[in-house]
Protein chains: 2
Amino acid sequence: MKDIKHFLRQNSLRPTKQRVIIANYLFDGVNKHVTAETLSNKLLKMKAEISLATIYNTLHDFYEKGLLKKLMINSERIYFDTNTEHHHHFYSKKDQKLIDINVDMKVSGLPKPPKNKKINKIEVLVHLDN
Amino acid sequence: MKDIKHFLRQNSLRPTKQRVIIANYLFDGVNKHVTAETLSNKLLKMKAEISLATIYNTLHDFYEKGLLKKLMINSERIYFDTNTEHHHHFYSKKDQKLIDINVDMKVSGLPKPPKNKKINKIEVLVHLDN
DNA sequence: TATCAGTTTAGAACGATTCTAATGTATTGA
DNA sequence: TCAATACATTAGAATCGTTCTAAACTGATA
Ligand SMILES: [Mn+2]
Ligand SMILES: [Mn+2]
Ligand SMILES: [Zn+2]
Ligand SMILES: [Zn+2]
C-alpha cells in the first residue's frame, strides 16, 4: 500500500516488506490487541511468514514511535494495543481477550499519592468471569 | 511459633520448618507485596536459606488456600499480596513498589459487559511517575 | 548502480517459573 | 514409641516468552 509506506516514513521507519505487511494489518482502521504470538499466527494465515524476531522488533519499533501502546495485563505475555488513546479494558482471562472501554469513566475517592510522587495514569481493568 | 503452626494446620498445610519461617514473615500483621525473588532475598537476610523451588511452592500453596492474592502487574514477575481484601494499588515502575489503596474508591460510567459475561472484579492501578 | 546504515533472521541466550525425581520429614496409628 | 506413608523440600533440568547476536540482506541516497 502506498499510504502505509508514507505512514511508516513519516514515523521515521523504513517501509520494509515486513513492516508494510504488519502495519497494513495493524493499522487497517480496526483497533486490535495483539501479542507477538497472536500476530504471528494471523500473519501465517495471511501467508506472510515473518520471523518471530522481526515481529518482536517491529512491535517494539512501532511502540517506540508511539504507534502502539503496551499493556501489562498478565505475567504470561505482553499485549500491544493499536488504540493509543487513554482508555480502559474488559479482560476475559478465559478467552485471553481484551475489549476496549472508550466511554468516559471516572474514578472517585482516590487518595493522595505518596510524597514526591505524581500520578502518571489511572488504569481500570474490569475482569470478566474467571 | 505456636500460633503459626496452628494457623497453617487450620489451612490444611503441614507446618514444616520452611513454611513456618515464610508464614511468620508474611503474616506478621504488616501487609506485604512480595515476588519470589524479593521474598528469597528477605529470607536470606534473615539467615533462612530456603530453595527457590520451595519458595515458589509455598507461595502457590498459600495462594491456593486463599492466604495470598496474586497480582499481575507487569510481565516480568508475579506479585503476591498478603492483603486478600479487595483493594487497589499505586504502582511505581521505577521503584518496582506497590502501595495499597484501601480507601473506598468508586468507578462510574462503566459500560455494560459483553453478552453472557459477568463482571468479576474491577481493578484500579494508579501508575506513579514513570 | 555502489554504498552503507538500517533490517531481517536463525539460533543462542536469558530469566522467571515449573517440573522431575531423589531425598527428607510431619503425621498417625499400632 | 516408631515404623509406615503421604506430603514437602531440593538441585538441577526443562519450559517458554522475550531479547540478543552476528551474519546476510535491502531500502535510501547520491
Ligand atoms: Mn514471568
Ligand atoms: Mn513474558
Ligand atoms: Zn485497548
Ligand atoms: Zn495490595
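This one's a predicted model, so the numbers in the text were calculated from it and none came from an experiment. A, B, ... follow the sequence lines: proteins, then strands. Residue 1 opens every chain.
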Spacing of B:Ile78 atom CD1 relative to C:dT17 atom P, expressed in whole Å:
5 Å

What is the distance from atom OG1 of A:Thr16 to atom CD1 of A:Ile22, rounded to the nearest 0.5 Å?
8.0 Å

Contact check, side chains of B:Asp61 and B:Asn11, non-hydrogen atoms, under 4.5 Å:
no

Atom-to-atom span, CG of A:Leu52 to P of C:dA13 - whole angstrom:
18 Å

Please examine the side chains of A:Phe7 and A:Leu13, heavy atoms only from C-beta on, and report whether any two atoms are closer than 4.5 Å.
no

Under 4.0 Å, heavy atoms only, any strand: does B:Asp61 hit a base, just the sugar-phosphate, or nothing?
nothing

Result for 5'-nearest mapping on DNA chain D, choosing between B:Ser51 and B:Ser12, is B:Ser12

Report the distance from atom CZ of A:Arg77 to atom C1' of D:dT18, rounded to the nearest whole Å.
12 Å

Rounded to whole angstroms, how far apart are CD on A:Gln96 and P on D:dG17?
11 Å

How many whole angstroms separate atom CZ of B:Phe80 from atom C1' of C:dA16?
12 Å

Spacing of A:Leu59 atom CG relative to D:dT18 atom C1', expressed in whole Å:
12 Å

Answer yes or no: is there a side-chain heavy-atom contact under 4.5 Å between B:Asn83 and B:Lys69?
no

Provide, to the nearest angstrom, the distance between the CD atom belonging to A:Glu64 and the P atom belonging to C:dT7.
12 Å

Which nucleotide in C:dT9, D:dT18, D:dA8 has an atom nearest any side-chain atom of A:Asn57
C:dT9

Looking only at side-chain atoms of B:Tyr56, point me to the closest of D:dT19, D:dT9, C:dA16.
C:dA16

Please report the distance, rounded to the nearest Å, between CG in B:Asn74 and P in D:dT18.
12 Å

Indicate yes or no: does A:Lys117 engage B:Asp129 in a salt bridge with an N to O separation below 4.0 Å.
yes

For nucleotides 21-30 of chain C, just jot down a letter per nucleotide in 5' to 3' order: B, S or -, based on protein non-hydrogen atoms under 4.0 Å.
-----BS---

How would you list, by chain and number, every residue that makes a side-chain contact (heavy atoms from CB on, under 4.5 Å) with B:Thr84, sequence neighbours excluded?
none

Within a strict 4.5 Å, meaning less than it, do heavy atoms of the B:Thr38 and B:Arg77 side chains meet?
no

On DNA chain D, compare the nucleotides closest to A:Ala53 and B:Thr54; which residue's is nearer the 5' end?
B:Thr54

